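Values below: all heavy atoms of this structure, side chains included; hydrogens, waters and symmetry mates excluded. Given the structure is predicted, the values throughout are model-derived calculations rather than measurements. Note on naming: letters A, B, ... go to the chains in the order of the sequence lines (proteins, then strands), and numbering restarts at 1 for each one.
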There are 2 protein chains.
Amino acid sequence: MSESLAYAELIAVLVAVTDNEPRVMTIDAGEALPSGPFETSHRTLQSGLRAWVESQTGHPVGYLEQLYTFADRDRALDAGTGAAQTRHISIGYLGLVREQVTLGAGRPEWRSWYEYFPWEDHRDGRPDLLTGLSERLLDWAGDHEVRRQRVDFLFGLNGQLWNEDLVLQRYELIYEAELEKEAGFGRQMASDHRRILATGITRLRAKIKYYPVVFELMPDSFTLLDLQRMTEALAGVRLHKSNFRRQVDQQNLIEETGEMSSETGGRPAKLFRYRPAVVEASSLSGARLPYSRH
Amino acid sequence: MSESLAYAELIAVLVAVTDNEPRVMTIDAGEALPSGPFETSHRTLQSGLRAWVESQTGHPVGYLEQLYTFADRDRALDAGTGAAQTRHISIGYLGLVREQVTLGAGRPEWRSWYEYFPWEDHRDGRPDLLTGLSERLLDWAGDHEVRRQRVDFLFGLNGQLWNEDLVLQRYELIYEAELEKEAGFGRQMASDHRRILATGITRLRAKIKYYPVVFELMPDSFTLLDLQRMTEALAGVRLHKSNFRRQVDQQNLIEETGEMSSETGGRPAKLFRYRPAVVEASSLSGARLPYSRH
DNA sequence: ATGACTTATTCTCCATCTGAGTTTATGTCA
DNA sequence: TGACATAAACTCAGATGGAGAATAAGTCAT
């Protein structure tokens with residue numbers, strides 16, 4: 001029975017956006033994601049994480065969702081000995097906070113997530129760094145047709161479109177090609193934290209498409225362009241202005257406050273607020289099956 | 001430090017489909033989902049689960065994905081005492097197997113998941129049981145406008161459409177209304193296993209829309225109607241025949257084997273096989289952002 | 001005050017997709 | 001042989017989505 005006892009910790013991918021830059025909370029001079037033991041005093045995982053994060057950031061966490069449970073981190077340590085050793089289980093969470101005032105000890109810092117994944121920011125066009133990176137990946141792929149296709153597909157080569165959702169898959173390819181520790185290909189982190197961060201970004205980029213989580217990061221009132229910039233910051237991609245607007249108001253999730261913003265540099269913009277959703281959101285799904293009435 | 005030691009177990013929602021009925025593997029005469037300790041000998045969570053499941057079912061698990069980690073099960077036990085007590089962490093997995101030959105001990109059985117959630121099967125129209133159930137839910141909602149809207153939305157009342165994805169949310173509403181133990185509202189399970197099952201069904205119903213997992217449950221060759229029936233079994237909803245076909249071959253995931261099936265009762269149907277995907281699947285996504293070229 | 005420049009907001013257009021059937025083909029079975 | 005079943009292909013109108021033009025309403029340098 002004691003075989004199954006494990007050391008359980010919580011680990012957080014905490015996201016905030018300032019100056020159109022998506023940031024993640026880090027400790028150890030940007031080398032690690034914040035984490036802590038899962039104490040018996042915590043009623044649930046969720047509440048444990050929430051309490052702990054709020055004491056660190058000084059701000060309520062608007063949105064919190066479980067990401068993934070990682071348990072194969074320490075396998076290198078186990079190998080060979082065969083000794084019964086305490087298992088390490090990390091339960092990852094994704095949290096969104098509106099502002100980033102840091103209070104806690106250990107000098108937590110908010111850093112742009114593009115420091116860790118510089119190839120993921122396509123807002124000003126395809127990053128230059130991608131040239132060198134994809135060259136290295138293609139070298140690695142060599143004649144291996146499947147590998148080559150994967151590189152093309154994941155990095156938008158050979159006429160394929162860039163798909164911003166595939167953050168984790170891209171990182172894993174880079175890892176497989178053993179390029180993840182190369183200088184110039186993004187800042188590194190301790191242990192597998194960079195992978196966990198990639199998992200969080202992936203989840204968030206997918207989620208904003210079918211669930212109104214962006215508003216957890218927006219201030220109470222905002223212009224449509226603010227909202228677009230926020231979405232672009234997260235997705236790492238530019239969006240089509242008028243089509244973005246059309247989509248937003250079809251979804252019926254925002255309403256005018258009646259006031260205007262004058263800090264636009266051009267024509268003043270209407271201010272909007274989030275309208276906490278008709279009913280439970282959803283139904284804005286996306287993928288559908290071809291239903292049949294009857 | 002020892003505060004954070006926890007007992008870790010794996011728990012599986014194992015799904016197979018036979019006779020157009022989606023089935024889940026259970027133990028204890030259908031009262032529990034199969035689970036086991038996460039042993040140190042297991043290299044990773046995934047491999048631990050896989051080995052253990054295959055020894056139980058005698059069949060390889062085609063598809064396996066982590067569902068959720070549950071840790072707030074035993075809170076009732078902790079309450080009041082404040083004593084340091086071993087935490088119980090369950091890591092849930094969803095697995096798909098093509099056939100269901102059971103070998104293991106403890107008399108595992110495959111049971112239709114609709115035994116546990118009879119209101120979820122709308123293939124032959126709205127189940128009668130929903131009349132009584134929604135009546136009880138509306139009673140519970142009373143004048144509470146928000147509750148009433150939630151009931152309407154989740155159970156497709158008042159002109160709203162039935163959304164088959166909301167399995168977990170429906171179960172949680174029923175739980176909140178304290179109707180989950182009432183006779184007639186589905187077979188019960190030990191502890192929170194019914195909730196875990198609901199989580200699995202929810203995940204699977206969502207997934208089939210944007211990822212070709214159905215094929216993990218199909219035999220090597222099949223007709224288009226077979227594929228449709230499989231999808232309907234999982235979604236619990238009837239689909240539009242020709243539109244389903246159109247969608248399937250737009251996705252380019254299957255190809256004709258060249259042979260025909262004669263067991264249709266009508267005109268013989270072409271047989272198809274799964275074509276393990278152009279590249280990594282995806283790009284059949286669904287929800288999209290309004291991208292901008294530039 | 002005026003014209004250049006910026007950003008906001010509204011429209012338009014057209015190609016594609018989707019929902020909901022029809023129509024025609026090809027078997028089995030009484 | 002005709003009734004019945006299912007398969008497979010085709011139709012068509014309305015909704016959706018990508019792309020960009022047109023118009024509105026500010027700021028700012030001259």
Closest approach to the side chain of A/P268, judged atom by atom: which nucleotide of D/dA25, C/dG27, D/dA19 is it? D/dA25

Can you check the B/L289 CG to D/dT16 P distance for me, whole Å? 18 Å

Rounded to whole Å, NE2 of B/H240 lies from P of C/dT22 at a distance of 10 Å

Atom CZ of B/R288 and atom P of C/dT18: how far apart are they, to the nearest Å? 11 Å

Looking at every strand, decide which applies to B/K270 at a 4.0 Å heavy-atom threshold: base, sugar-phosphate, or nothing. sugar-phosphate

Identify the heavy atoms of A/R98 and A/F215 that sit nearest to each other, and give their distance. NH1-O, 3.2 Å

Begin from the C-alpha positions of B/E109 and B/R111 and carry the test salt bridge (Lys or Arg N to Asp or Glu O under 4.0 Å) through to its verdict. CA-CA 6 Å; B/E109 291 175 281; B/R111 297 192 176 248; 3.1 Å; yes

Does A/R148 pair with A/E145 as a salt bridge, N-O distance under 4.0 Å? no

OP1 or OP2 of C/dT9 less than 4.0 angstrom from a side-chain nitrogen or oxygen of A/R245, does that happen here? yes

Closest approach to the side chain of A/A269, judged atom by atom: which nucleotide of D/dG18, C/dG19, C/dT9 is it? C/dT9

Return the value, rounded to whole Å, for the distance between atom CD of A/Q228 and atom C1' of C/dT9. 13 Å

Rounded distance (Å) that lies between atom C1' of C/dT16 and atom CG of A/N243: 14 Å

Let me know, please, whether B/P290 or B/L225 comes out on the 5' side of the other along DNA chain D by nearest nucleotide. B/L225

Please determine whether any donor N or O and acceptor N or O are separated by less than 3.5 Å between the side chain of A/S292 and the base of C/dG19. no

OP1 or OP2 of D/dG17 under 4.0 Å from side-chain N/O of A/R246: no

Atom CD1 of B/I254 to atom P of D/dA8: distance rounded to whole Å? 10 Å

N/O donor to acceptor pairs below 3.5 angstrom from side-chain atoms of residues 131-138 of chain A, sequence neighbours left out:
unit_1	atom_1	unit_2	atom_2	d
A/T131	OG1	A/D128	O	2.9
A/S134	OG	A/L130	O	2.5
A/S134	OG	A/T131	O	3.4
A/R136	NH1	A/E182	OE1	3.0
A/R136	NH2	A/E182	OE2	3.1

Classify the side chain of B/R267 and the base of D/dA5 as holding, or not holding, a donor-acceptor pair under 3.5 Å. no

Any ion pair linking A/E172 and A/R195 (charged N to carboxylate O, less than 4.0 Å)? yes

Walking DNA chain D from its 5' end, the first of B/Y291 and B/E256 to be reached, judged by nearest nucleotide, is B/E256

Please give, in whole Å, the distance from C/dA8 P to A/M260 CE? 10 Å

Between B/E259 (CD) and C/dG27 (C1'), how many Å, whole number? 18 Å

B/S242 side-chain proximity, nearest of C/dT10, D/dA8, C/dG21: C/dG21

